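Shown next, in structure tokens, is the structure this report addresses.
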Amino acid sequence: MKKFVYLFNEGNSGMKDLLGGKGANLAEMTKIGLPVPYGFTISTEACNAYYEAEKAISPEVHDQILQALTALEEKTGKRLGDPNNPLLVSVRSGAVFSMPGMMDTILNLGMNDQTVEGMARLTNNPRFAYDSYRRFIQMFADVVLEVDIFFFEQLLEEYREQKGYNSDPELTAEDWQEVIQGYKNIVRKRTKKEFPQDPKEQLFLSINSVFDSWNNQRAIVYRRLHKIPQHLGTAVNIQTMVFGNMGDDSGTGVAFTRNPSTGEPLLYGEYLINAQGEDVVAGIRTPLPIHTLQREMPEIYKQFSETCQRLEHHYLDMQDIEFTVERGKLFILQTRTGKRTAQAAIRIAVDMVEEGLIDKKTAILRIDPDQLNQLLHRRIDDTIERKQLTKGLPASPGAATGQVVFDADEAEALGNEGKKVILVRPETTPDDIHGIVASQGVVTSRGGMTSHAAVVARGMGKPCICGCEEVKIDLNALQFSIGETVINQGDTITIDGSTGEIMYGEIPMVDPQLSDEFQLLLKWADEERKLGVRANADNPIDAQKAFEFGAGGIGLCRTEHMFMDSKRIPIVQRMILAENDAERSEALAQLLPMQQSDFEGIFEAMQGLPVTIRLLDPPLHEFLPNKDELLVEVTKLQITDPTSRQLLEKEKLLKKVRQLEEFNPMLGLRGCRLGIIYPEIYEMQAKAIFFAIAKLDKKGIDVNPEIMIPLVGHVNELKEMRELVINASLQVQEITGINFNYLIGTMIEIPRAALTADEIAKEADFFSFGTNDLTQTTFGFSRDDAEGKFLQTYIEKKVLPDNPFAVLDREGVGKLVETGVNLGRQTKPNLKTGICGEHGGEKQSIKFCYNAGLDYVSCSPYRVPLARLAAAQATILKEQV
Ligand code: PEP
Ligand code: MG
């Protein structure tokens, strides 16, 4: 018979697929002898069986649950529903990958009209017993019976008001009894049934409901966001309750073994005295920092810190631990690998190597390259004086500017329009997740460092400020106030999640700097990796940044960007509009020194590292005004000023724009085709490069240029352009009297080029795969149309697994890359190969490039550190198989 239910002493941490992350860790902790309240786990396979049977628990699973329950009863000496000694349990979901706050939890199950009396007697604390019962009714009604929690909250609020109480602890046992009657009436009214009194019925209804919660809206959104497969299912954990709300010798809390924001190796967390589990995470009462527990309960603190250290040494990673103290006794309810910011991830990995807990390779593999983006982003310029409105808890680092919104739907709508928004809420719940996704950052007026908003924002790498108590939010008026200052929806604020400051308006930001730990980790990564990392940079400033971030060269300098400068564009237009060679030569002669100075700046910044310069690629119309706008101007002038010179000029321009107009410019007159039709343009560019080399040579500065011809499909195209470049170099060598070395290569971005790479290699010193165009031409997608019109649907309908412009399509485009490398190296075994499409900065694509045998990847300067790490991971992972 297949086993669906496991007691905590029957599992271990290796059984995550079956028991879920939480269940497997509970089993592991039980195994190593930690004080875990006993219980059992219903497996993910039972969840899948439940869905296969159209949402029914099979008799087999049913029986196994009852057997486990009996074992639990024997172990604890308590029985479910026994008024004299009732067993109370929690029912929680537990998926294979942690999905914090995504699924529902039920506490105090087993409470009914009889057991509540028993609890009151046993604990000698009727107030506690009735409070627990009402919590159970409320939670069970919300999660299982789907009665809106609002009704219960409203009743409680009215009751408090009527009695003149300010807070819940003022309610007596008798008060709670009255509230319970009211709660039961709500259940009767809303469900047309009595609140279920049979604990076994309660149990099975709850289990069904946890299985159902696997497919609730917020769980689905979370899975989509984190690419967690739908078919995994969730396990259900049934665990004996322990109570943190039994008086002042009880309490509950959550703690990380190291600071999840900075990585500092100190216990970090919060607790509440006389409170039950959910009170801490829900952020309703503001909890105390964990270090004050040392004063309040010194013995417990000592035991807890030792347990934390033990768990860290056991799992060899930072842990996120939930604990409860029941009448002076410590219980560990949960441990899992703690979520952390990128900054913390790096510090922890580096510290753990230095503490001898893990090796360097493990440290490198531990950091998700995607997460590094957080650190490579801008932060508020310290030199600018900040006008702080208020300060809250610095819950997730980084800075952001955006307009204030108060509602997750609104945030999503504005975010989709491309607006930058900051979500401001009293607190967030899992239902706000889509709004957080769409925002630049989050502010909450309540809740602590482990509140929902804080945990979710840190996971997404967004700045977040919590517990900002001075912020008084008026959701009806769509505004918040801080003292006298009123901020309305739509006003712009800046938040600094590293300090907790909120400021009015937009504040200038500065470029990021890499911390010492980050530099060290990257140094380790460089020692491991065999794949080169270069940057795409078009000007000296970007080149400088690339160099600072450790790029081994420039893999792509797109020269057209130098043409777009506002001073240059009129000259470029003159060149395009030229009616004869003389006019064109004159315009080109003006452009040459401008390009030359850019090249000098880039070469100088790169200090002798290779620099790949691509000759002009885009179709010429991109340098001319927009046709529709021009047409409007011409028409206006024809009416208002029909004899003007301006009209003549505009008409001439319009004529040229029409001439250059193409049906599909992506496949039109661009790339090397331009060089063949207008050789003087490429000649000017080549000369500008060579003059720059000659000039730097005189200054004694080393340069290592690689000239790249775009969009080659046939070897003859490259052959002709190669001759042109060589001619230009000979001319410059003659004029300057200086000899220099350089390479001539091509981009492989047309399928024909990849398929005939053996031929093309005869004329090329290097290949650089332009996977942006190669993806367009392989799929036959024009990127702008595809991304704007149908790719999203393709991905939603799983026609494609990912956007192929973001993640390299390994089966199709990747096959062309492999073919290109292999054929090219048949002709020239040492042919240098790289990739310069956007995929060069994406971790999965980088792994592919390494395995395909490329020499380097090239990506935007800000992604260089990420690529260095991803390249090291690719090497380590390949060695491990
Ligand atoms: C490419 O096609 O991948 C490439 C790098 O060139 P561009 O994006 O400039 O067309
Ligand atoms: Mg291209």
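Hydrogens, waters and symmetry mates are skipped; everything else that's a heavy atom, side chains included, is used. One-based numbering, in listed order, for ligands and for the atoms of each. Note that this is a predicted model, so its numbers are computed, not measured. Along the sequence shown, residues carry numbers from 1.
Ligand 1 lies nowhere less than 4.0 angstrom from a heavy atom belonging to Q776.
In this structure, the side-chain contact (heavy atoms from CB on, under 4.5 Å) partners of D526, at least two apart in sequence or on a different chain, are R529, R868.
At a cut-off of 2.8 Å, D617 is not counted among the residues with an N, O or S atom near the Mg ion (ligand 2).
Both the sub-6.0 Å distance and the 45° axial angle are not jointly satisfied by K832 relative to the ring of F767.
Crowding of N626 atom CG: a count of heavy atoms from other residues, nucleotides or ligands under 6.0 Å exceeding 12. In this structure, K828 places its NZ atom where more than 12 heavy-atom neighbours from other residues, nucleotides or ligands lie under 6.0 Å away.
Taking a cutoff of 4.0 Å between a charged side-chain nitrogen and a carboxylate oxygen, R574 and E583 do not qualify as a salt bridge.
Close N/O approach between M747 and ligand 1 is not found [any backbone or side-chain N/O within under 3.5 Å].
Of all protein heavy atoms, the one lying nearest to atom 6 (O) of ligand 1 is R614 NH1, 3.0 Å. In terms of protein heavy-atom proximity, atom 3 (O) of ligand 1 is nearest to N772 N, 2.7 Å. The protein non-hydrogen atom at the shortest distance from atom 7 (P) of ligand 1 is R558 NH2, 3.5 Å.
Contact annotation for M708 and ligand 1: no heavy atom of the residue comes within less than 4.0 Å of the ligand.
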